[in-house]
Amino acid sequence: MSIKILHIDSNNPVLWNQLEEAGFENHADFKSSKEEIEAKIQDYNGIVIRSRFKIDKTFLDSATNLQFIARVGAGLESIDCDYAAEKGIHLIAAPEGNRNAVAEHSLGMILSLFNNLNQADAEVKSGQWNRESNRGHELDLKTVGIIGYGNMGKAFAKKLRGFDTEVLCYDILDNVGDENAKQVSLAELQEKTDVLSLHLPWTPETDKMVNTGFINAFKKPFWIINTSRGKNIVTADLVEAMKSKKVLGAGLDVLEYEKLSFETLFQDKNTPEAFQYLLEAKNVLLTPHIAGWTFESHERLAQVIVDKIKAVYDKK
């Protein structure tokens, strides 16, 4: 029997072509609403998504023949994973596919913030030659704290090996430290960190984790980089910490205000006050959730998904 797969988001052609070559039957629907997809999902054995809509209990109850859900990305927070597991549905993600891209982006954000690259570039292009106000910092001899030491955190720590830094990591799992980062308690990380980089999923435990209390527990003023999930930071609390100089600068690839589809921030043009501060602050670097979205990772993500789908059926 042919395994029928519904693709509801476009991806690198590697994914479609290799699945077809392996004998899977591909179908695409990039435009129908969630309700329209639910009306026909019983005809499919697998679904490939990115971030178009949530795969919730209602959707899964309609998917009576679904054998796997493959998300072309790192996280599965848009899926009711517990309910899918109850139904025996394989859950597939591809954090291996974009971990290098995220690591490079995180490092790039730190170096840009430390050396005022965006500000200096804009000033020179407008005819200003301000050297002293753009004097930078060096990463060497700083302590970098990484919270979340899975695929992304480990890849980022590896990128830091060329710098003379102390790298600490904190994770809810034990014994995840390696030659690139020493695993410590959260209290020790907060005591020593100069630069904090978040590499966390979005879960009930991490939601709004970085708030005023969390920030104030750091002994020293610090820089923060977030390439994980926007809702892990309370933006208003971050802004207050920046105003008080507790946070020296921020590189944010993800925002608390993101929509699931990543297409737009504020359809009603009602910009939150905290976000307006970020837009105007010189010590803030913002990017539109692209840390893991390189030309190379686009293909690598697709390849990882193909390999994992094939592995599900190789075991049967």
Side-chain angles (χ1 to χ4, degrees), residues 5-12 15 19 30 34 37-38 41 44-63 65-103 147-156 171-173 176 198-209 226-233 253-256 258-263 289-293 297-298 300-313 315:
I5 301 174
L6 181 62
H7 300 249
I8 64 170
D9 288 295
S10 61
N11 287 290
N12 189 281
L15 201 159
L19 287 175
F30 302 156
K34 177 175 179 287
I37 298 291
E38 285 172 352
I41 193 59
Y44 295 94
N45 309 112
I47 186 169
V48 177
I49 65 169
R50 287 205 323 264
S51 301
R52 190 159 142 213
F53 52 69
K54 287 185 178 296
I55 305 296
D56 56 16
K57 188 175 185 293
T58 301
F59 187 96
L60 292 169
D61 281 338
S62 301
N65 293 302
L66 204 62
Q67 297 171 3
F68 73 83
I69 303 169
R71 179 168 184 265
V72 187
L76 293 169
E77 65 267 24
S78 62
I79 301 167
D80 188 333
C81 296
D82 292 338
Y83 195 59
E86 286 180 25
K87 289 180 167 290
I89 298 170
H90 291 275
L91 298 176
I92 299 170
E96 307 92 336
N98 62 358
R99 60 189 174 189
N100 183 72
V102 170
I147 297 185
Y149 206 61
N151 278 283
M152 307 303 170
K154 288 180 183 292
F156 176 54
D171 196 280
I172 59 172
L173 299 178
V176 298
L198 301 181
H199 297 279
L200 296 160
W202 181 44
T203 68
E205 291 72 30
T206 65
D207 184 57
K208 299 180 176 60
M209 183 185 79
N226 188 13
T227 55
S228 60
R229 290 294 183 261
K231 288 181 171 57
N232 292 337
I233 295 179
D253 180 56
V254 290
L255 294 167
E256 180 182 357
E258 282 181 51
K259 305 295 188 296
L260 185 64
S261 66
F262 305 148
E263 292 173 357
H289 206 132
I290 56 168
W293 200 239
S297 72
H298 188 49
R300 198 178 299 120
L301 284 164
Q303 187 63 61
V304 170
I305 292 296
V306 170
D307 293 343
K308 289 187 176 182
I309 291 173
K310 290 164 68 175
V312 168
Y313 292 94
K315 295 175 183 177

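Heavy-atom basis, side chains included; hydrogens, waters and symmetry copies ignored.
Nearest heavy atoms, L76 versus C81: O-SG, 3.6 Å. Here the closest heavy-atom approach between residue A93 and residue I305 is recorded as C-CD1, 4.1 Å. Here the closest non-hydrogen pair linking L200 and M209 is CD1-CE, 3.4 Å. The minimum heavy-atom distance linking N151 with P95 is given by the pair ND2-CG, 3.5 Å. The nearest pair of heavy atoms linking A84 to L60 is N-CD1, 3.8 Å. Here the closest heavy-atom approach between residue L66 and residue I89 is recorded as O-CG1, 3.5 Å.
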Verdict with reasoning, Y44 to N65, per side chain to side chain contact (heavy atoms under 4.5 Å, CB included): CA-CA 6 Å; Y44 295 94; N65 293 302; over 6 Å; no
Please lay out, stage by stage, how D207 and R229 fare under the test salt bridge (charged side-chain N to carboxylate O under 4.0 Å, His left out). CA-CA 9 Å; D207 184 57; R229 290 294 183 261; over 6 Å; no
Apply side chain to side chain contact (heavy atoms under 4.5 Å, CB included) to K54 and D80, showing your working. CA-CA 8 Å; K54 287 185 178 296; D80 188 333; over 6 Å; no
Give the intermediate values and the outcome of side chain to side chain contact (heavy atoms under 4.5 Å, CB included) for residues I49 and S78. CA-CA 10 Å; I49 65 169; S78 62; 4.3 Å; yes
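Put simply, OH on Y83 and OG1 on T58 are 9.0 Å apart, with the number rounded to the nearest 0.5 Å. Atom CG of residue N226 and atom CD1 of residue I147 lie 10.5 Å apart, to the nearest 0.5 angstrom. Distance check: E258 CD to S51 OG gives 9.5 Å after rounding to the nearest 0.5 Å.
Using a cut-off of 4.0 Å between Lys/Arg side-chain N and Asp/Glu carboxylate O, E77 and K231 are scored as not salt-bridged. With respect to the salt-bridge test (charged N to carboxylate O, under 4.0 angstrom), the residues K87 and D61 qualify.
Of the possible polar contacts, one joining the D171 side chain to the Y149 backbone as a donor-acceptor pair under 3.5 Å is found. With hydrogens and angles ignored, the 3.5 Å screen pairs a side-chain donor or acceptor of T206 with a backbone N or O of P201. Put simply, the side chain of D9 gets close to the backbone of R50: a donor and an acceptor are under 3.5 Å apart. Judged purely by atom type and a 3.5 angstrom limit, D253 uses its side chain to pair as donor or acceptor with the backbone of A291.
Looking only at side-chain heavy atoms (C-beta outward), D307 and Q303 come within less than 4.5 Å of each other. In this structure, the side chains of H199 and V102 come closer than 4.5 Å at one or more pairs of heavy atoms. Here the side chains of F59 and I47 are in contact, with some heavy-atom distance below 4.5 Å. A heavy-atom distance below 4.5 Å is found between the side chains of D56 and K34. Using a 4.5 Å heavy-atom cutoff, the side chains of L91 and R71 are not in contact. Using a 4.5 Å heavy-atom threshold, the side chains of E256 and I233 count as separate. Taking 4.5 Å as the limit, every side-chain heavy atom of N45 sits out of range of all side-chain heavy atoms of F68. In this structure, the side chains of I37 and F53 come closer than 4.5 Å at one or more pairs of heavy atoms.
Residues S297 and R99 bring no donor and acceptor atom of their side chains to less than 3.5 Å of each other.
By the 6.0 Å contact criterion, CD1 on I172 is open, its count of non-hydrogen atoms from other residues, nucleotides or ligands being 12 or less. In W293, the CH2 atom is crowded: over 12 heavy atoms of neighbouring residues, nucleotides or ligands sit closer than 6.0 Å.
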